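Chain identifiers are assigned alphabetically (A, B, ...) following the order of the sequence lines, protein sequences preceding nucleic acid strands; residue numbering begins at 1 within each chain. What you are looking at is a predicted structure, and each value in this text was computed from that prediction instead of being measured.
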Amino acid sequence: MDNQKLAQLLFPEVTTTIDEVEARFPARDLPEGAQVTRMGPSPTGFIHLGNLYSGLADERIAHQSGGIFYLRIEDTDNKRKVEGAEDIIISVLKYFGIEFDQGAGIESPESDAYGPYYQRQRKDIYHVYAKNLVAQGLAYPCFCTEEEIAQIKEKQTEQKVITGYHTTWTRCRDLTLEQIEEKIAAGMPYTLRLRSQGKEGNDIIFRDQIRGSVKFPENIMDVVILKKDGIPTYHFAHAIDDHLMHTTMVIRGEEWLSSVPTHVELHKVLGFRLPKYAHTAHLMKMDNGNKRKLSKRKDPELSLDYYRQDGYHPQGVKVYLMTLLNSNFEQWYDKHPNSPIEEFPYSVKKMSKSGALFDIMKLNDICKNEFSKLEPEDVYEFLHTWCTNYHPDMVDVYFADKEKFIKILELTMGVHQKRRRKDFINAKQIMESIHYFFDATYHIVDEQKYDAETVEAVLKAYLASYDHSADANGWFNNIKEIGEQFGFTGNMREYKKNPENFKGNVSHIAEIIRIATVGQSNSPDQWAIYHIIGEDMMRERIEKYLAK
RNA sequence: GGCCCCUUGGUCAAGUGGUUCAAGACUCCGCCCUCUCACGGCGGCUACACGGGUUCGAAUCCCGUAGGGGUCACCA
């Protein structure tokens with residue numbers, strides 16, 4: 001077989017040489033040890049927690065080493081294509097504080113140097129290498145139909161041999177030039193397959209950055225490298241792109257681990273140096289007592305939009321992901337609570353090998369801490385933006401009076417206390433928790449624990465004796481006095497010793513009033529609340545409460 | 001089913017042969033502080049999957065077993 005002739009037959013339009021292509025993508029001018037990483041999503045526009053998780057790892061490794069982090073759109077499967085997906089990806093990642101240096105949709109002077117960053121636009125590049133492989137007898141056209149492939153698999157399953165298009169099971173591997181010419185002339189579609197040089201029984205040792213050395217059987221599959229439309233498969237595109245774009249470390253999910261042998265052979269056959277690989281563990285979820293990989297379909301919480309919608313602060317999500325990503329991050333962060341994440345010495349070796357269960361409680365806890373570090377002004381801006389995007393109809397209700405809102409935040413965040421309160425999780429929850437500051441959202445949550453008669457008498461006494469000009473102490477003393485009138489003691493120590501001697505204590509009086517004014521049995525300091533909502537609103541709520 | 005990965009408390013995890021009869025964080029429970037809540041403080045429950053080795057000594061090394069996960073496409 002004349003391989004040169006076959007190559008010419010298959011790729012008549014390719015006139016560029018490999019040397020010419022290589023010359024277009026010179027080595028990057030980076031300091032010693034700098035890592036080049038990339039994110040290569042398919043353009044479905046759906047970006048999930050797992051993407052952020054590995055994206056964060058990519059970003060840290062690149063930037064910590066003074067390298068480059070770029071975005072490449074892997075659109076070799078046109079069935080998945082969604083318009084404008086790269087904008088979504090870029091904006092979502094940006095929301096979480098992860099920014100690309102170069103790549104698809106990124107404007108930078110050097111950004112185009114290694115492009116195009118859409119694989120479909122690199123078809124001619126892949127064809128140069130494909131032609132070259134054919135010319136060396138390392139690839140061949142395959143005319144098998146899906147049915148034929150299925151038949152082969154069926155027989156292999158029956159005979160209990162390794163399934164797939166390999167060794168003696170191949171049908172098109174040894175076609176003559178004449179046969180190929182004939183089929184092409186007849187208009188038969190074909191894929192291009194690798195002529196695997198692997199031998200059954202041989203092993204390869206592969207060193208993963210996270211998992212250490214892994215032993216695999218050598219690849220023997222004649223994998224498809226170009227689909228019948230001439231677009232490369234992931235494997236082929238990966239080898240060529242990461243070579244030309246000079247990626248130094250490929251960080252990807254562990255579902256790719258088993259295709260490492262294929263990639264090893266592809267790199268070998270193409271004469272490329274293998275990049276470093278880091279296969280990350282999946283984020284898992286508990287489902288019916290079993291751990292399982294978070295799935296796009298079943299788990300809405302996988303979508304990053306989900307967190308944006310609920311108004312999770314990006315910093316909280318990022319910190320949580322970092323604790324999962326690097327086992328020693330949490331302790332470092334404890335010691336340096338106010339240092340930027342970027343200062344943490346990130347290490348690939350510290351990445352977990354086993355899949356972590358996604359823990360919303362832990363996320364929430366971290367978010368509470370993050371919010372407690374912010375200033376009311378920052379929280380105000382954050383909430384305002386969130387509300388504008390997700391609840392535009394509520395913007396006027398909440399943000400008409402900025403001064404009032406800041407006061408609410410100061411109180412609910414406890415900025416004037418010795419220690420901050422920590423009960424803000426996300427924007428949605430914050431807004432719900434401050435409902436009672438606004439008539440439009442105020443509603444009764446808790447029931448009174450005392451009988452209607454007592455409640456009424458206490459509230460009336462409260463209204464009669466309330467003095468808006470009193471300070472916090474004065475207010476509380478008044479509550480105590482009211483309590484004494486009805487047999488509720490102000491002496492907590494006495495009460496604890498002999499609760500049966502009293503109808504209740506002052507905290508019960510406070511609770512009765514609290515429920516009538518804010519609708520629930522817990523809240524920050526009542527006096528402070530009344531000085532935000534004003535005497536009129538407070539009195540009005542009690543009146544209405546009594547009327548019921 | 002073949003191949004590969006993983007396995008310390010409910011969860012995330014420290015730990016790489018001996019000051020660990022196993023850190024820390026989250027959750028849960030109790031107590032303290034306290035007008036409620038939150039914060040904070042103190043304390044508690046709960047773990048090296050199992051079985052064999054190697055060794056003076058193993059969570060740490062080896063071999064099996066079990067369980068979980070991934071992958072076996074002209075999808076990435």
Please tabulate, one pair per line, each protein N/O and nucleotide N/O from nucleotides 72-76 of chain B that are separated by under 3.5 Å, including the distance.
from: rA73(B); atom 1: OP2; to: Lys153(A); atom 2: NZ; distance (Å): 3.3
from: rC74(B); atom 1: O2; to: Lys228(A); atom 2: N; distance (Å): 3.1
from: rC74(B); atom 1: N4; to: Cys144(A); atom 2: O; distance (Å): 3.1
from: rC75(B); atom 1: OP2; to: Lys227(A); atom 2: NZ; distance (Å): 2.9
from: rC75(B); atom 1: O2'; to: Asp77(A); atom 2: OD2; distance (Å): 3.0
from: rC75(B); atom 1: O2'; to: Arg80(A); atom 2: NH2; distance (Å): 3.4
from: rC75(B); atom 1: O2; to: Arg80(A); atom 2: NH2; distance (Å): 2.4
from: rA76(B); atom 1: OP1; to: Thr76(A); atom 2: OG1; distance (Å): 2.6
from: rA76(B); atom 1: OP1; to: Lys227(A); atom 2: NZ; distance (Å): 2.6
from: rA76(B); atom 1: OP2; to: Tyr234(A); atom 2: N; distance (Å): 3.3
from: rA76(B); atom 1: O5'; to: Thr76(A); atom 2: OG1; distance (Å): 3.3
from: rA76(B); atom 1: O3'; to: Glu74(A); atom 2: OE1; distance (Å): 3.0

What integer distance in Å separates [X]:[atom1] from [N]:[atom2]?
{"X": "Leu357(A)", "N": "rG69(B)", "atom1": "CG", "atom2": "C1'", "answer": "12 Å"}
{"X": "Lys160(A)", "N": "rG1(B)", "atom1": "NZ", "atom2": "P", "answer": "11 Å"}
{"X": "Ile366(A)", "N": "rU27(B)", "atom1": "CD1", "atom2": "P", "answer": "10 Å"}
{"X": "Ile210(A)", "N": "rG69(B)", "atom1": "CD1", "atom2": "P", "answer": "21 Å"}
{"X": "Glu330(A)", "N": "rG24(B)", "atom1": "CD", "atom2": "C1'", "answer": "8 Å"}
{"X": "Lys349(A)", "N": "rU16(B)", "atom1": "NZ", "atom2": "P", "answer": "17 Å"}
{"X": "Trp332(A)", "N": "rA14(B)", "atom1": "CH2", "atom2": "P", "answer": "18 Å"}

Got a donor-acceptor contact below 3.5 angstrom from the [X] side chain to the [Y] backbone?
{"X": "Asn326(A)", "Y": "Phe329(A)", "answer": "no"}
{"X": "His267(A)", "Y": "Val264(A)", "answer": "no"}
{"X": "Thr454(A)", "Y": "Tyr450(A)", "answer": "no"}
{"X": "Glu218(A)", "Y": "Lys199(A)", "answer": "yes"}
{"X": "Thr145(A)", "Y": "Glu148(A)", "answer": "yes"}

Review point. If we call it a pair only when both distances are under 3.5 Å in a Watson-Crick or G-U wobble match, what pairs with rC21(B)?
Key: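 In the structure as shown, rC21(B) has no Watson-Crick or wobble partner.
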
Using the [atom1] atoms only, state how far [M] lies from [N], rounded to an integer number of Å.
{"N": "rG1(B)", "M": "rA58(B)", "atom1": "P", "result": "35 Å"}
{"N": "rU46(B)", "M": "rA25(B)", "atom1": "C1'", "result": "15 Å"}
{"N": "rA22(B)", "M": "rA49(B)", "atom1": "P", "result": "15 Å"}
{"N": "rU7(B)", "M": "rC50(B)", "atom1": "C1'", "result": "11 Å"}
{"N": "rC6(B)", "M": "rG44(B)", "atom1": "P", "result": "35 Å"}
{"N": "rU54(B)", "M": "rC62(B)", "atom1": "C1'", "result": "7 Å"}
{"N": "rG43(B)", "M": "rC35(B)", "atom1": "P", "result": "25 Å"}
{"N": "rC21(B)", "M": "rC48(B)", "atom1": "C1'", "result": "13 Å"}

Review point. Which part of the nucleic acid, if any, lies within contact of Leu324(A), taking any heavy atom under 4.0 Å across all strands shown: a base, the sugar-phosphate backbone alone, or nothing?
Key: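 Result for Leu324(A) = sugar-phosphate.
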
Check your understanding: Distance from Gln520(A) atom CD to Tyr442(A) atom OH, nearest 0.5 Å?
Key ->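 Spacing of CD (Gln520(A)) from OH (Tyr442(A)) equals 9.5 Å.
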
Review point. Which letter, B, S or -, goes with each nucleotide of nucleotides 34-40 of chain B from 5' to 3', with contact meaning a protein heavy atom under 4.0 Å?
Key: BBBBBSS

**Study point:** Phosphate OP1/OP2 of rU16(B) contacted by Lys350(A) side-chain N/O (<4.0 Å)
**Key:**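 Checking rU16(B) against Lys350(A), no side-chain N or O comes under 4.0 Å of OP1 or OP2.
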
Atom pairs under 3.5 Å, N or O on each side, protein against nucleotides 2-6 of chain B: can you list them with distances?
from: rC5(B); atom 1: O2'; to: Arg211(A); atom 2: NH1; distance (Å): 2.4

Check your understanding: Going by distance alone, is a donor N or O of one side chain under 3.5 Å from an acceptor N or O of the other, for Asn505(A) and Thr489(A)?
Key -> no

**Study point:** Modelled atom types, side-chain donor and acceptor of Lys422(A) and Asn369(A), under 3.5 Å
**Key:** yes

Review point. With distance as the sole criterion, do the side chain of Gln331(A) and the base of rA25(B) form a donor-acceptor contact below 3.5 Å?
Key: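 Check fails, no donor-acceptor contact within cut-off.
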
